[in-house]
Amino acid sequence: MCKEDNSSINKLAKLKANLNESNYTVVFTGAGMSTEAGLPDFRSASTGMWNDINPLELASTQALKQNRQAFIDFYRYRVDGLRQCKPHAGHYILADWESKKMIKSIITQNVDGFHHTAGNSQVSELHGTLRTCHCNHCGERYPIDRFMSEDLTCECGGFIRPSVVLFGESLPADAFDQAELEAQKADLFIVMGSSLTVSPANLFPMIAKQHGAKLVIINMDETELDHEADLVINAWKIGSLLEELSQ
Ligand code: ZN
């Protein structure tokens, strides 16, 4: 799927120029950003992450209600997996860029919390997060350690669950609104490691574009919005590309 290498160098130079010219850069990250940190993409069947059970069935409101122990086991397994991984160089470069005001914010589809771990503070977590858990009844929030403990019952009697968006739930309104605002304000919108197939998250690049932003897509494979992009880079891993860019 790689484009020819000689044009990659030109593309990198163009992206550098775009970054330097931009006054409001917003970065959008997807699964490709996390898989580089060693995290399996749980949607990918080939990774065989959860034995024989389809993870799509466990990451659902239906499983939360009707198959609770498997739901709990699945998410404890995912949190354990996260604890064995760390942000990669690319995450830290994005944190450095935020501190240098080269980027304004990140919109992410990832729930690993690695942008926060790396040091970014302006992050819209569209699909929620595994950094925290909350009561499914009253909404009281707890650190994720609570979910890893024996006691999953809130003071109100409700069930304490991870703060990720499950299939059957809508995206968190605060993160969604924040992301929409950021996409509207952006003059440069850079997608990193998302195939842009998950709706409604894939709307944000188009919102940015419609509000006049340049759209850059960096992904291993082609995406559904490549034809809308001002620049498409699919030759490098994101971490390596960010390292090249920051040199
Ligand atoms: Zn509660």
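We count ligands from 1, going down the list as the structure has it; atoms in each ligand are counted the same way.
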For this session: Please examine the side chains of S170 and F176, heavy atoms only from C-beta on, and report whether any two atoms are closer than 4.5 Å.
Result: no
Seminar exercise, completed: Distance col, row L245:CG vs L15:CG, nearest 0.5 angstrom, shows 4.5 Å
Seminar exercise, completed: In this structure, NE2 of H134 is separated from OG1 of T129 (nearest 0.5 Å) by 11.5 Å
Exercise. Is the ring centre of Y24 less than 6.0 Å from the ring centre of F189?
Worked result: no
Seminar exercise, completed: Exactly one candidate in E125, R131, R78 meets side chain to side chain contact (heavy atoms under 4.5 Å, CB included) with V111; the answer is R78
Exercise. Taking the six-membered ring of F147, is the NZ or CZ of R76 close enough (under 6.0 Å from the centre) and on axis enough (within 45°)?
Worked result: yes
Exercise. What protein N, O or S atoms come within a distance below 2.8 Å of the Zn ion (ligand 1), ordered by chain and number?
Worked result: C135 SG, C138 SG, C154 SG, C156 SG
